[in-house]
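Throughout, a chain's letter reflects where its sequence line sits, starting with A, and its residues are numbered from 1. Keep in mind it's a predicted model, so treat the numbers as computed, not measured.
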Amino acid sequence: MVSTKVAPSVPTKLSSHLGHRLVKAALNVGDFRRAQQLFDNIPQPDPTTSYTLISALTTYGLPHEAIRLYASLWARGIKPHNSVFLAVAKASGASGDVLRVKQVHDDAIRCGVISDVFLGNALIHAYGKCKCTEGARRVFDDLVVKDVVSWTCMSSCYVNCGLPRQGLAVFHEMGRKGVKPNSVTVSSILPACSELKDLKSGRAIHGFAMRHEMMENVFVCSALVSMYARCLSVKPARLVFDLMPHRDVVSWNGVLTAYFTNKEYEKGLALFSQMRSKVVKADEATWNAVIGGCMENGQTDEAVEMLRKMQSMGFKPNQITISSFLPACSILKSLRMGKEVHCYVFRHWLVWDLTTLTAVLYMYAKCGDLNLSRNVFGMMHRKDVVAWNTMIIANAMHGNGKEVLLLFESMLQSGMRPNSVTFTGVLSGCSHSRLVEEGLQIFNSMGRDHQVEPDANHYACMVDVFSRAGRLVEAYEFIQRMPMEPTASAWGALLGACRVYKNVELAKVSASKLFEIEPNNPGNYVSLFNILVTAKLWNEASKARILMKERGITKTPGCSWLQVGNRVYTFVVGDKNNMESDKIYDFLDELDEKMKLAGYKPDTDYVLQDVDQEEKAASLCSHSERLAVAFGILNLNGQSSIRVFKNLRICGDCHNVIKYISKDVGVTIIVRDSLRFHHFRNGNCSCQDLW
DNA sequence: ATAGGGTTAG
């Protein structure tokens, strides 16, 4: 066979000058191969030629080729020029391979060029891209002269590596050292405030930006919009957006997210249609934000519709689309839909994307099927800290404390560094399984062994660890010793346990704190009310109820749902709207008789109304979770388990009844309430009765 | 010459 196309031959032994011109010409027509072949034939290439070619290869997504070329220089005995180091530093960062960056770093030290501030900055950035904060820090600390870029790179390195606190610390230190942040610094530090939901710092930086005339900068403003969005302040987000002189697609995406994450779904959609009439064109991220927004707000049909529209506009769902679509499959309670998406992931080779697989894993866990989560976790070719964290959290919410500890152990053994989320997961695993000593030990090891300082969240987890184990006084002491203002979740954990362990005094203390911190949360009033009623303190109970009424707070209606076949069935208390309502109540009555014979007494503590005993019992029998479970049992269709979801915490009496059903009918009943999963099997529950 | 904003675990 003779080729009809003859490739232009590559001249040998090019002069530096001619070589440079030919390489540039080849790059201009996009022929990287030829450019590299030409380069190989220049015995003494100019640094400019090396720089140009390495940069071009990096820019066009061929960082490994760029690094290969750099290595060939060494092999030919040519010591690279500073500018070449700069180019290859960038290439090594783009490769994502920390060993490459380390190699360039070492070479630069050996050649004595490391004190070059430009090169140092590029190396900090490269280490940051490989998520290696230690490497970046070493370069940063070794820099004799640090400019604003050095500081900016160092702080955004921390932010991008999931260490927003350290990022902010560097930002503040830079101010103290008299280096003035510029608009790049500001736009890259704001995501740290978003991550931490630190509205105070965010506002301060906003002020700084205004005083230094940065409010015309589209990067700064978009970052501000997102910061306010994530700190749940829609109004300022919108205000910044409205005052922007120019808005690009990122600014629009930010303000859309602001509405969606703050439950103003309609306004978000309205803005989305407004956006389409503007010059700005929706991009992939816009569609992802909108689909995520539909999902977060429970608008699944709309989300499916948007997914269709997105595709018809020529965009392909990517990892992020999947990741924002999947959580809803679990909110949506529909394992079937989640499995369909999982198949899509397989068909489109997205299994190589860790984020996507992690989202699939988490979806299965939230749908109540931890075994499927384990399968996905097992087939990950590589596990990052998020994957480990998600698996730990998945087990924690299912009450598998022992497995949580094992996972944590193997995570450490694999050399993975835990972060603050890891500890939230591990500690909540301990709390749900009454592992007090283990929890305390791990809590104490956080700063000492792992350089993660406990935050308010971790303290709240520890309060929960003590509380769920019934060590209420220790829990209370622990709250009082917190170095920061205790959050609602800390007091909430204590209050919840006061209900289980019937401690009126501490309940009153924690409730009064909760009324200050979150006066509009109906759950707190209801909890206190129930505790007081249980203690037969009718007077005080009615006072709590009056307080609630005066503040115009209404109880969130309890509601439970489950999927049978392709449909999701929803139940509220006393629901009679289901086609099979008669059968459901008959089933429950029959069950009631059986249980009475077995010596069971309904726990009437869990009824809100102050009514007579018989009526109380009747009201208990019609709690939404009980109706949903009964409906599931009547529609088993040969399955050995059912999955029920409830928006509030499960009722203690229903918990008893469902335990009984699981034994009587011989099925596994999985109930996810607002806090965790309960696996009922053979008369027991995985929560060890810490409902 | 080196650095930047939006969608992803709690």
Practice task
Decide side chain to side chain contact (heavy atoms under 4.5 Å, CB included) for A:Phe272 and A:Thr286; before the verdict, give the C-alpha distance in whole Å, the side-chain angles of both, and the deciding distance to 0.1 Å.
Solution key: CA-CA 9 Å; A:Phe272 178 55; A:Thr286 317; 3.9 Å; yes
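Taking atom CE of A:Met214 as the reference point, atom C1' of B:dA3 lies 14 Å away to the nearest angstrom. Between A:Leu357 atom CG and B:dA9 atom C1' the separation is 14 Å, expressed in whole Å. When rounded to the nearest whole Å, the span between CG of A:Asn217 and C1' of B:dG5 equals 9 Å. If you measure from atom NE2 of A:His81 to atom P of B:dT2, you get 15 Å, rounded to the nearest angstrom. Between the CG atom of A:Asp116 and the P atom of B:dA3 there is a distance of 13 Å, rounded to whole Å. When the C1' atom of B:dA3 is taken as reference, atom OH of A:Tyr158 falls 16 Å away, rounded to whole Å. Between A:Leu361 atom CG and B:dT8 atom C1' there is a gap of 14 Å when expressed in whole angstrom units. Atom CE of A:Met416 is separated from atom C1' of B:dA9 by 14 Å (rounded to the nearest Å).
Contact annotation: A:His125 side-chain N/O to B:dT2 OP1/OP2 distance is not under 4.0 Å.
Residue side chain A:Ser222 reaches the base of B:dG5 through a donor-acceptor N/O pair under 3.5 Å, judged by distance alone.
Nearest to the side chain of A:Ile320, among B:dT2, B:dA9, B:dT7, sits B:dT7. Checking B:dG4, B:dT7, B:dT2 against the side-chain heavy atoms of A:Thr257 singles out B:dT7 as nearest. Here the side chain of A:Phe118 is nearest to one of B:dA3, B:dG4, B:dA1, namely B:dA1. Side chain of A:Ser183, nearest nucleotide from B:dG4, B:dG5, B:dT2: B:dG4. Residue A:Ser251 places its side chain closer to B:dG5 than to any other of B:dT2, B:dG5, B:dA9. The listed nucleotides are B:dG4, B:dT7, B:dG5; the one nearest the side chain of A:Val184 is B:dG4.
Residue A:Lys263 qualifies as enclosed at atom NZ: its count of foreign heavy atoms under 6.0 Å is above 12. Counting non-hydrogen atoms of other residues, nucleotides and ligands closer than 6.0 Å to NZ of A:Lys383 gives a total above 12.
Cation-pi geometry between A:Arg165 and A:Tyr158 is not satisfied (NZ or CZ under 6.0 Å from the ring centre, within 45° of the ring normal).
Residues that satisfy the salt bridge (charged side-chain N to carboxylate O under 4.0 Å, His left out) test with A:Glu403, not counting sequence neighbours, are A:Arg374. Every residue two or more places apart in sequence or in another chain that forms a side-chain contact (heavy atoms from CB on, under 4.5 Å) with A:Thr58 is listed here: A:Ile54, A:Ala66, A:Ala91, A:Ala94.
Only A:Val386, A:Asn389, A:Thr390, A:Ile393, listed by number, bring a heavy atom of residues 384-394 of chain A to less than 4.0 angstrom from any atom of DNA chain B.
Using bins of under 30°, 30° to 60° and over 60° for the plane-to-plane angle, the ring pair A:Tyr127/A:His105 lands in the perpendicular bin. In this structure, A:His206 and A:Tyr228 have perpendicular ring planes: the angle between them is above 60°, well past the 30° mark.
Residue contacts shown for A:Thr321 are absent, as no nucleic acid heavy atom lies under 4.0 Å away. A:Asn82 comes within 4.0 angstrom of no nucleic acid atom, judged by non-hydrogen atoms across all strands. Within 4.0 Å of A:Ser188, counting heavy atoms only, lie sugar-phosphate atoms of the nucleic acid but no base atom. A:Ala289 comes within 4.0 angstrom of nothing in the nucleic acid, heavy atoms only. If you check every strand for non-hydrogen atoms under 4.0 Å, A:Asp283 touches a base. Looking at heavy-atom distances under 4.0 Å, A:Ser226 makes contact with sugar-phosphate atoms alone, never a base. Nucleic acid contact for A:Val290: none, since no nucleic acid atom lies under 4.0 Å from a heavy atom of the residue.
When each of A:Glu195 and A:Asp248 is assigned the nucleotide of DNA chain B with its nearest heavy atom, A:Asp248 is the one assigned upstream, toward the 5' end.
Neither side chain, A:Glu284 nor A:Asn288, offers a donor N or O lying under 3.5 Å from an acceptor on the other.
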